[in-house]
Amino acid sequence: MKAFLLLAAAVSCLLVLSSRRHQGASHAGVVLSVIAIVFLPCLAWFGRVFADIITYPVLLGMVFLGVQPAAGLVRRMAPRMPVLAVVCGCGAGIGYFFVVNSRGYATVLTPEQAATGLQHLDTLYHASIANMLVNFGHLSTGLDGFMPMKYHVLSHIWMGCVGLWLGVTTLESYYLTAQIIAIPLLLFSLIMAGLLLRRSAEGLSDSALVTLIPLLLLMIADLWGWTSYLVSESYFISLFLLLLALPLLPEIADERSPLGPPLTALAVAGTLVLFSKISVGVIFWGAAGFLLWRRLGLTLLNFIKVAAPIAPLVWLASAIGSPEAGEYVHALRPLAFVREFPRGSLPNIVANLVLLYGASRLWLSGTSAEMRLAEALALIAMGSLAPALLLDIIGGSAFYFANVGTFVCIAFLTAYGGSLLERRNPRAFRPAVILIFIAVVALATNEKRRSPIELVRQFQELRARAHTLAGRGEAAPLSTLHATAALLAPGGSLRGEIGDDVKHTPGGQSIETLRSLSGGQTHQTAVFVAPDNRPFWTTYIDCRGDPLFVPAVLGVPMLKGINPAEFGCPKDRYYLGAHNAEDAVSDVASDDQLCARAARWGLDEIWVLSTPQVGRKLSCAVPRS
């Protein structure tokens, strides 16, 4: 309920403050207020009670302010319109529930998948980073003390703090926060960007179209492309912030508007974007910086004024969060992304070309302010295209450049193309028609159409895996209908059976044993898993998940937490790191050796896990003979 309250407060803030734009108010107040609300849970870092004392009055007050104009709007509508809106909203929520969870990253099955060795490594990896940041203040995965690493940190801090505020584990926060708060805010900020990118008198007049057009365009892009924006936490948070700040660009482009408020909001939002996802931040700051330079005048002195604060900020974010170039960018190899990942690249390339074309048309026919805005939009398109077309970036990560332009293109087409079509053919360009198109495109998209089946398949796999690991043989097969009913009925007997199986798996037993040792205290503590603890080291189907299990679930670091050599798990530079990898492998160690290792990181207590059921507490703060 707290998560839903935070979402409602952010949406209310966007609606209430954005309605003041027709009175000449700057969008800067909207940006700063929404950011303040969204990041209020970070106060939980200083104490959950302290955070509640501050957040509840703010969130409830904002929701109260938002309910009043919304109720007035509903009263003015035809009776069927609110009902239709609720039905469509519920339908979209159910659809996105299946799509997001079927991707298999942070899902409603995550707690059980983590204990049974089925959880996607990305979620374990990021939850581990979040735990080390929030619990200990170290940028690390916690695989051997606080072995340092480089990564963009904002999403991890936010996810971890929201988990503290909600009173759940970080691993649970990763699916609750994403699906209840972040993804809805991303979609809503996309809608608002399409509405606010132009003056209200020039955009779409039908509020239903303002909502439906960007969603239709996004689904068209999804028809052939990737939906990584639904599962990458750092990316969807950075996109939300970028889209929230996008309406600042027309203000900066307009010489009649004061620069102070939009620059303040731009600095805050742009910094957060940069520390959430460097690729998005570099594109955003490149376009915003050029636009500001254009507004001030294209002189060398003005360039220095603009670059002086931006360049150190980008350098700092890169120093903290960007891996070494050789690890991330393989080579300057044109069209490598297109050849290797056509589905991930081609739809985004087309969208960026459309944005370039639209920006050129606006530049040729618009006012001087619109010309400057068009130049900034063109730079976003070129900044998105250049890395995707020229560089060979590891694992298809060029998507996180190319897809930025796709979202900006959708906002631009909603703001400029939507109103043009609405005026030219108002009878055909109606909400009912757009709704039909959305339904057709969604059903035509293989990923969306098959998402319920895929989620049920994961549920069946979880049931079978838990039953086997619990030593109860093979689970009796279930029909798809029975499995679907059990999945959607958490209080059912089958879910209870799975929960009981999970408790008896090596993963479930290991966490229960470690929690019994903790006594609720996890500060200055590490876990050492004995190398001959075979059930622990063979839980995960992908063995790289075993070292991340304890840092992700329990939130404490390991000591010598890399898989023992005898199990033959491949060394992985991304998930397991490259620093002191051989020295971090679990092997036989005396208590003195473990304590000496823990002392490097200021840790004075070690929980030694000999088997999933047997553990002991080793206190290094007490002198030992």
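None of the values given here were measured: they were computed from a predicted structure. We count residues from 1, following the sequence as given.
Two residues are said to be in side-chain contact when any heavy atoms from C-beta on lie closer than 4.5 Å; M62 and S33 fail this criterion. The side-chain heavy atoms of T141 and M149, taken from C-beta on, include a pair separated by under 4.5 Å. V282 is not listed as a side-chain neighbour of F401, based on a closest heavy-atom distance of 4.5 Å or more. Annotation: side chain of V16 is in contact with side chain of P69 (closest heavy-atom distance under 4.5 Å). By the 4.5 Å heavy-atom criterion applied to side chains, L241 and V38 are not counted as neighbours. Between L313 and P309 the shortest side-chain heavy-atom distance does not fall below 4.5 Å. Within the 4.5 Å cutoff, the side chain of T110 has no heavy atoms near those of the E172 side chain. Between S12 and V67, the closest side-chain pair of non-hydrogen atoms is not below 4.5 Å.
Side-chain atoms of T525 come within 3.5 Å of backbone atoms of H523 as a donor-acceptor pair (strictly under, hydrogens ignored). Although no hydrogens or angles enter the test, the distance criterion places a donor-acceptor pair under 3.5 Å between the side chain of S140 and the main chain of M147. Without hydrogens or angle criteria, D254 side chain to P250 main chain gives no donor-acceptor distance under 3.5 Å. A donor-acceptor contact shorter than 3.5 Å links the side chain of W45 to the backbone of V134. Remark: the backbone N or O of H27 is paired with a side-chain donor or acceptor of E251 at under 3.5 angstrom. Side chain of S238 to backbone of K277: no donor-acceptor contact under 3.5 angstrom is found. Between the side chain of T123 and the backbone N or O of A106, at least one donor-acceptor pair lies under 3.5 Å. Using a distance-only test at 3.5 Å, with no hydrogens or angles considered, a donor-acceptor pair links the side chain of Q458 to the main chain of S102.
Counting all heavy atoms, side chain and backbone alike, G555 lies closest to N135 at O-ND2, 3.1 Å. Looking at every heavy atom in both residues, G289 comes nearest to V306 through O-CG1, 3.4 Å. Across every non-hydrogen atom of G142 and P551, the tightest pair is O-CG, 3.7 Å. In this structure, A178 and F236 approach most closely via the heavy-atom pair CB-CZ, 3.6 Å. Across all non-hydrogen atoms, the minimal contact from A221 to T406 is CB-CG2, 4.2 Å. Minimum interatomic distance between S173 and G163 (heavy atoms only, all atoms of both residues): OG-N, 3.4 Å.
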Inset, instruction - Walk me through it: do L259 and L296 pass the test side chain to side chain contact (heavy atoms under 4.5 Å, CB included)? - result: CA-CA 10 Å; L259 268 178; L296 297 175; 4.0 Å; yes
Inset, instruction - Start with the C-alpha distance between F240 and V34, add both sets of side-chain angles, then the distance that settles side chain to side chain contact (heavy atoms under 4.5 Å, CB included), and finish with yes or no. - result: CA-CA 11 Å; F240 155 65; V34 172; 3.9 Å; yes
Inset, instruction - In sequence, state the C-alpha distance, the side-chain angles, and the governing distance for I35 and L244, and then conclude on side chain to side chain contact (heavy atoms under 4.5 Å, CB included). - result: CA-CA 9 Å; I35 287 174; L244 177 67; 3.9 Å; yes
Inset, instruction - Show your reasoning for whether side chain to side chain contact (heavy atoms under 4.5 Å, CB included) applies to L242 and V408. - result: CA-CA 9 Å; L242 181 147; V408 175; 3.9 Å; yes
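The neighbour count for E512 CD, taken as heavy atoms of other residues, nucleotides or ligands under 6.0 Å away, does not exceed 12.
Interatomic distance, Q113 CD to Y175 OH, rounded to the nearest 0.5 Å: 10.5 Å. The distance from the OG1 atom of T169 to the CG atom of N131 is 8.0 Å, given to the nearest 0.5 Å. How far CG of L249 is from CG of L266: 7.0 Å, rounded to the nearest 0.5 Å. Rounding to the nearest 0.5 Å gives a distance of 8.0 Å between CG of L6 and CD1 of I37. With rounding to the nearest 0.5 Å, the separation of OG in S276 from CD1 in I157 is 10.5 Å. Put simply, NZ on K448 and CE on M219 are 5.5 Å apart, with the number rounded to the nearest 0.5 Å.
Classified by interplanar angle (parallel below 30°, tilted 30° to 60°, perpendicular above 60°), the ring pair Y151/H156 is perpendicular. Under the 30°/60° scheme for interplanar angles, the aromatic rings of H138 and F146 are found to lie parallel. The aromatic rings of F399 and W226 are tilted relative to each other, their planes meeting at an angle between 30° and 60°.
Listed by chain and number, the residues in a ring pair (Phe, Tyr, Trp, His ring centres under 6.0 Å) with F549 amount to none (sequence neighbours excluded).
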Side-chain atoms of residues 183-196: list all donor-acceptor pairs with protein atoms under 3.5 Å, sequence neighbours left out, distances to 0.1 Å.
unit_1 : atom_1 : unit_2 : atom_2 : d
S189   : OG     : L185   : O      : 3.1
S189   : OG     : L186   : O      : 2.8

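Each of Y400, F407, Y229 was checked for a ring pair (Phe, Tyr, Trp, His ring centres under 6.0 Å) with Y235, and the lone residue meeting it is Y400.
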